[in-house]
Structure formats: C-alpha cells, structure tokens
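Notes follow once the structure below has been shown.
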Amino acid sequence: MAGKTISSARDSLGLTFSALPHRALQLLRELRLRRLEAIAFLSLLAVCVGVRVVKLGSIPRIVTGDEAENLQSAYRIIEGTGTGLFGFDWKPAPILGLYPLAWSLQVFGNTVSDFRMYPVIFSLVAIILFYALARESMRASAALLAMALFGTNLWFLHFSRTAWDNMNAAAFAAGACWTTTCALKTGKWQWWALTGLFITGGLYGYFSARFIIIAVALTCGLAVLLRQAPWRRTLFGLALASVLAAVLFAPMARHISHRWAYFNNRTNNVSVFNVADSYEGDSNSWAIVWHNLHRNYSGLVLQDGAQMQRGLWGRYTPQGRAPLDFVSAHLFWGGLIVAAFMWRRTFAWWPFFVPLFAAEVFSTGTPDLARGIVFAPFYFLFIGILFDWLLYLPRRPLVRGGMILALAAVVMLVGVFNVKGYFDWQTKETTQEARLPGVDRCEFDLFNSLAGSAAKKGQHMDAAAFEAQRNVLDCSPVLRAVNQREAQQSR
C-alpha cells in the first residue's frame, strides 16, 4: 500500500514538473502581451497628448468670455482674495471645481497655452479612466481601437482645448462607472470609497456631473436585479460611497442652503419650467419636455446634426455636425445592439444615459454639447464592445489579425479626419467670431494685467477699462472684421 502511495506521488510530481514548461510559456506569453498592450496604450496616449497641446496657445484664437471668467476666478484663488474652498464661482457653481485651473496656472505659467492645460489634463484623465473601464468588459485590441476614436473625436478634442470646466464631468463619470464596476465584482470597500470620491467630484464639478450619483445608484440596482452582485454587499457599498460623498460635500451643501436662490440662478435661467412665453412653439412646460426628449434623442443618439442648431453650435461644433462623425455614429448604433445582447458585460454603462438626458431634456437651447460631454466616454464604450464582438467572431488567428489591421486602418483614417476637421474648423473666421465676446490671443497680456490687478483687490476686472485699452491696441483681425461689418450695416 505504501509502495502504491509513493508511486502515485512520484507520478503526480512528474506530471507537475512536466507541466511547468507549459505554464512558464503561458506566463511569458501573458507578460509579453501585457507589455505590448502597455506600449500600444502609451503610444496612443502620446498621440492624444500631441493633438491637444499642438498650437494650444493660438488655436482656438479667441479666449471665450466663459474662459475669461473662469480665469478671473482662478486669479482670485491664487491671490487668496476669493470666496474660499466652499464658495461660488461666477456661474454660480462650487468654486472648488476651478481650483485645478488655479493650480495649472501656478504649475505651467500664465499664457493662453498654460491655462488651457487645465482641460487638457482632465481630458487625458478621462481617456485613461475610459481605458481602465473598457478593459473590464472587453479585450485589449478592442479597447485600444475605441480609445483611439475617443481621443481624436472632434467634439471631445474641442472641449479638451478650451478652458471650460465641463471636461471634469467626463472624467468623473468614467471614473465612477469604473470604480463601481470593480466594487460590484470584488466587493472590496476600497473601490466603494473611490466611487464616493468620484461622486463627490461630480457634485463639486460641472452641472451635468451632479447626476452621476443617480447613475451609480441605478447601476447598483441593476446589478442586484440581474444577479451580478449580492444585494446586502451592494447596499452596504452604495451606502459607504454615498455617506463618504455626503460628508465631503457637507460644507458646500451648507453654503448652498444659505444661498439657495443664488445657487440656482443659472439653472433657473435655462429651465423649461421658467419659460415666460413659448419655446419652439410650445408654451406648456411638459410639452417642451416631451419635444425636448425627441430633439435630444435625435441629436445625441441618432446623431442628427440639424438638432445642434438650437444650442451654441458655432462654439461647440461645426455647423450640422453631431457629436459623432459619420463612421463613429454607425459604429455606436451597432454597439448599442451588441451591448443589449451582452447585457451582463455592459449593464453598468446604460445608467449613464441619465446624467446626459437629465441635463438636456429639462433645459432650453438643447442639445447642448457642453452639457453632453458627461456621456462622451460611453459613446466609445459601446463602439468598443462592437469591436470586441467583431474581432472575436473569426476563430482563425490569421483572419482575426487581418480584421484587427482593417479596423485599425479605419480608426486611423477617422482619427486623422476628425483632428484635421477640428483645426480646419477653428481657423475659419466664422468660428473665431462665434467665440465672441472674448479676448483675442494678442490681447491676452492686457487682459492678464488688468484681471490680475483686480484679483489682488478681490475685484472683478473693469470691463470698460479693458474695452478702452483694447480699442487703442487694435490688434485683433477678428474684432476688426466684426466692427467693420457692423459699421457698414449701420450706414
């Protein structure tokens, strides 16, 4: 009996040792693939950096009025004459959302390209978080292709180069979805805590990002209903994230409660429930909501560029252009169909339609692409899941490799088309004029001097003094063309 045991152990040990070379080869192959993935990811990220920083100080030429107002808030933060951590900026919105802009100025400097590093950095964070989220549901090749389309999308690229604070909405939404997905998979409290931090960032951030908490709650509810996570563990995790967000936002919430009417000024100005006469032929608020739902679905889901004419399309996108280009739009629709069948892998993405439509449907002037940026990463997640399905249909590695190369070629062409389209659009006179009222890059030193002096006193820049000195300077061809046209029309 002992001999049989020894013999069996020897055989088992022999099988184990004979399997070691195979396991070692598997491990080396995995390490090699991870290394190739890392190289591809970093290469794509470098391209995303490049298209964001090239000519950043001169394109767009005009610093919009919103950018200038954000800058003045940042100057007061730097000088210590602002409202403090839990005050309001000019919109009004929580001032904490503009602290990263102030830090950018302190790190990089105070030129046009320097302060625009603020949206550049947030957009790159959004791209990185997008890739981390994508890899939870798809293979590396599909995630990389989707990342390439995301990073070069004209609409997303435009807001990546304009110092408006909506770019944080895209980063916080992608981050919250990623950490929630990981928390539901692992049940670890650390992931729930990170989710709470992203929710908090949304509450302090751009308007549409305030609805991220609803998307997270819906994701958790879906996970329980679809039996993707146990309800007790999920409820505990969601409570942890919510309590953490509530504690971190409590000082701002207290400040808001004391100035509730002021805090809601901007919201009230665009709310469909405050339309005095009529909007788009409707006078009943709920009728406006119903038709707004159709308009935003047509523009943001069906990619009907004609719907964008209601908003500030001249500043946000070329005329007649929807968020996605022709090819990406069709890929997105295909991705929605595939994602519906692969609901176990994609259920966490669908609730993020809520922040998009909550910000758009109840507002006038929509579809508004500034508010819609919160959903930007999710367009390309749906495209990515389509890529993942397509690439793994063929079983033969050679055919699969050919499909990867073919899709990579299409993605590269679309990316080049979008990037070129962005720069061509921004060099047009009509585009530059649409960014007015604003500050021409040749006037920025004057603006910087006057706004900086005012910030030291805790004041807003004297607009009349700036206008008088800019007229003497008379360096902007954009303003000169506008003034000449207005003079001719007044004759």
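Each residue takes its place number in the sequence, starting with 1.
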**OP:** Report the C-alpha distance between Thr152 and Asn418 in whole Å, list the side-chain angles of each, state the deciding distance to 0.1 Å, and finish with yes or no for side-chain hydrogen bond (donor to acceptor under 3.5 Å, both in side chains).
**Re:** CA-CA 6 Å; Thr152 56; Asn418 275 296; 5.2 Å; no

Ring centroid separation for [X] and [Y], is it under 6.0 angstrom?
{"X": "Trp350", "Y": "Phe378", "value": "no"}
{"X": "Phe159", "Y": "Trp164", "value": "no"}
{"X": "Phe263", "Y": "Phe88", "value": "yes"}
{"X": "His291", "Y": "Tyr279", "value": "no"}
{"X": "Phe236", "Y": "Trp231", "value": "no"}
{"X": "Trp333", "Y": "His330", "value": "yes"}

Subject >> Lys/Arg N to Asp/Glu carboxylate O, Glu360 vs Arg295, below 4.0 Å >> reply: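 No salt bridge links Glu360 with Arg295.
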
Any pair counted as side chain to side chain donor-acceptor pair (under 3.5 Å), so long as it reaches [range], sequence neighbours left out:
{"range": "residues 175-197", "value": "Glu136-Lys185, Thr179-Thr195"}
{"range": "residues 137-148", "value": "Arg139-Asp388"}
{"range": "residues 208-227", "value": "none"}

Original post:
Atom CE in Met252, atom CG in Leu96: separation rounded to 0.5 Å?
Top reply: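 Output value for this atom pair is 9.0 Å.
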
Original post:
Taking the side chain as C-beta and beyond, is there a heavy-atom pair between Arg116 and Val53 under 4.5 Å?
Top reply: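 Arg116 does not reach Val53 side chain to side chain.
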
Original post:
Can you check whether Phe122 reaches Pro100 side chain to side chain, under 4.5 Å on heavy atoms?
Top reply: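 The answer is yes; the side chains approach within 4.5 Å.
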
**OP:** For a side chain to side chain donor-acceptor pair (under 3.5 Å) with Lys91, tell me which candidate from Asp165, Asp66, Thr267, Asn265 qualifies.
**Re:**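 Result: among Asp165, Asp66, Thr267, Asn265, Asp165 is the only option passing the side chain to side chain donor-acceptor pair (under 3.5 Å) with Lys91.
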
Quick one: ring pair (Phe, Tyr, Trp, His ring centres under 6.0 Å) partners of [X], sequence neighbours excluded?
{"X": "Phe387", "result": "none"}
{"X": "Tyr99", "result": "none"}
{"X": "Tyr131", "result": "Phe41"}

**OP:** Check whether NZ of the Lys or CZ of the Arg Arg259 lies under 6.0 Å from the centre of the six-membered ring of Tyr262 and within 45 degrees of that ring's axis.
**Re:**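 Yes - Arg259 lies over the ring of Tyr262, closer than 6.0 Å to its centre and within 45° of its axis.
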
